[in-house]
Amino acid sequence: MSLASGRPYLAIPGPSVIPDRVLRAMHRGSPNIYEGPLIEMVASLWPDLRMVAGTTGHVAMYIGNGHGGWEAANANLFSRGEKALVLATGRFGLSWAESARAMGIEVEVLDFGRSSPVDFDRVEAALRDDAGHRIKAVLTTHVDTASSIKTDIPALRAAMDAAGHPALLAVDCIASLGCDEFRMDDWGVDVMVAACQKGLMTPPGLAFVWFSETARLRCGHSDLATPYWAWGPRAQPEDFWQHWDGTAPTNHLYGLREALDMLREEGMPQVWHRHHTLARTVWAAFDAWGAGNPQIGLNVADPVHRGWSVTAARFGAPHATRLREWCETRAGVTLGIGLGMAASTEPAYHGFLRVGHMGHVNAHMTLGALAVMEAGLVALDIPHGVGALAAAAGVIARNA
Ligand SMILES: *Cc1c(COP(=O)(O)O)cnc(C)c1O
């Protein structure tokens, strides 16, 4: 008998839970886009968008999703035939590389697999090999949402500096912004990409590219930056409409305003602490379930290399799919599918899942999801270790 009736919980790694405050802020008729309150409200967004990214640099906003954000970054960073070095730690890094290649950019990929962090010695060696400095930018994910591997961005910057290479550093923070600590300026990041539907708690539809003054000066003449994608007029428009090269995404902007208010009220260090704690809660449960049960485990062995917004894990095929279905239909919790670990046509695909813990999520939501998973493991007779919920609760007790 299903117990799913009630408020459902979408615990997938994006789109994330939309706060009621954001939904209410969006629930209004179309505002005037030529003068009045919308114009003033939008002016208030830019300082806060810089604040969440940790930058005093430029920010361009696009009507688009994360893939749109990638293309926006590609279009401004590169001219046709220029070269990118892409560091891939999962499906999303590879996809960014594909999008760049499809636009006519020459792409070299360093693929670190699905469970290992970036090896900075390999990055440094690749940059040293590029004696002619053909590589214009290094592209990487901060947190790859498929593998949940986190890249140590300050260490990457250090490797680039050690190689004495002038390449720009561009980071995809789509999964991590507003969840995992990120400091664009302090960490020497030139370009950063994000979208609104994950840590920024707003329905899909807005993409962002932050860029440093260095990047602006080095990328002023990209021949891929067609009028819609060029970041210059968006970041420094003469007229309001140029922020989006057309009609503003009116209601999304009101939602974003409210979401940024929520982040401001909580404070970024606290937002990061909350996500780190909830991530460790999930990890503690998996450690207990997996004790003596090697088919259950986290994708990333070392906690230092795990993102704080999403956790990729395995339960052994077909148990991950069975568990996901049970949690959704019996208890109202939707977990994420495994991505990039096995093709959806392979039996192994049914051994992977992901738990999203990004954005508008708190202790009771995460503990609730874990308790439902525990119930599912019991109901489905999936062998697992004991003590997961006590371990998870212990993390909350020690850090709340
Ligand atoms: C979600 C995500 C994307 C893709 O975003 P879409 O909105 O689905 O286009 C890209 N990179 C990362 C790291 C993501 O988490």
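Reckoned from all heavy atoms, side chains included, excluding hydrogens, waters and symmetry mates. All ligand and atom numbering here is 1-based and tracks the order in the structure.
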Report the C-alpha distance between F286 and F315 in whole Å, list the side-chain angles of each, state the deciding distance to 0.1 Å, and finish with yes or no for ring pair (Phe, Tyr, Trp, His ring centres under 6.0 Å).
-> CA-CA 10 Å; F286 272 91; F315 275 98; 5.4 Å; yes
Ligand 1 contact on [X] by region, counting heavy-atom pairs under 4.0 Å:
X    : answer
W70  : side chain
V143 : backbone
A175 : both
Q197 : side chain

Identify, for [atom], the protein heavy atom at the shortest distance, and state residue, atom and that distance.
atom                    : answer
atom 11 (N) of ligand 1 : D172 OD2, 2.7 Å
atom 15 (O) of ligand 1 : T145 OG1, 2.3 Å
atom 1 (C) of ligand 1  : K198 NZ, 1.4 Å
atom 5 (O) of ligand 1  : G66 CA, 3.3 Å
atom 8 (O) of ligand 1  : H67 ND1, 3.9 Å

So, [X] and [Y], do they make that salt bridge, N to O below 4.0 Å?
X    : Y    : result
E124 : R122 : no
R24  : E258 : no
D144 : R114 : no

Counting only heavy atoms not in E265, do more than 12 sit closer than 6.0 Å to its CD atom?
->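 Buried by this count: over 12 neighbours within 6.0 Å.
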Give a yes/no verdict on a cation-pi contact between K198 and F92, requiring under 6.0 Å between NZ or CZ and the six-membered ring centre and an angle within 45° of the axis.
->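 Geometry flag: set, cation within 6.0 Å and 45°.
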Examine the side chains of D185 and T55 and answer whether a donor and an acceptor come within less than 3.5 Å of each other.
->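 Distance-only check passes for D185 and T55.
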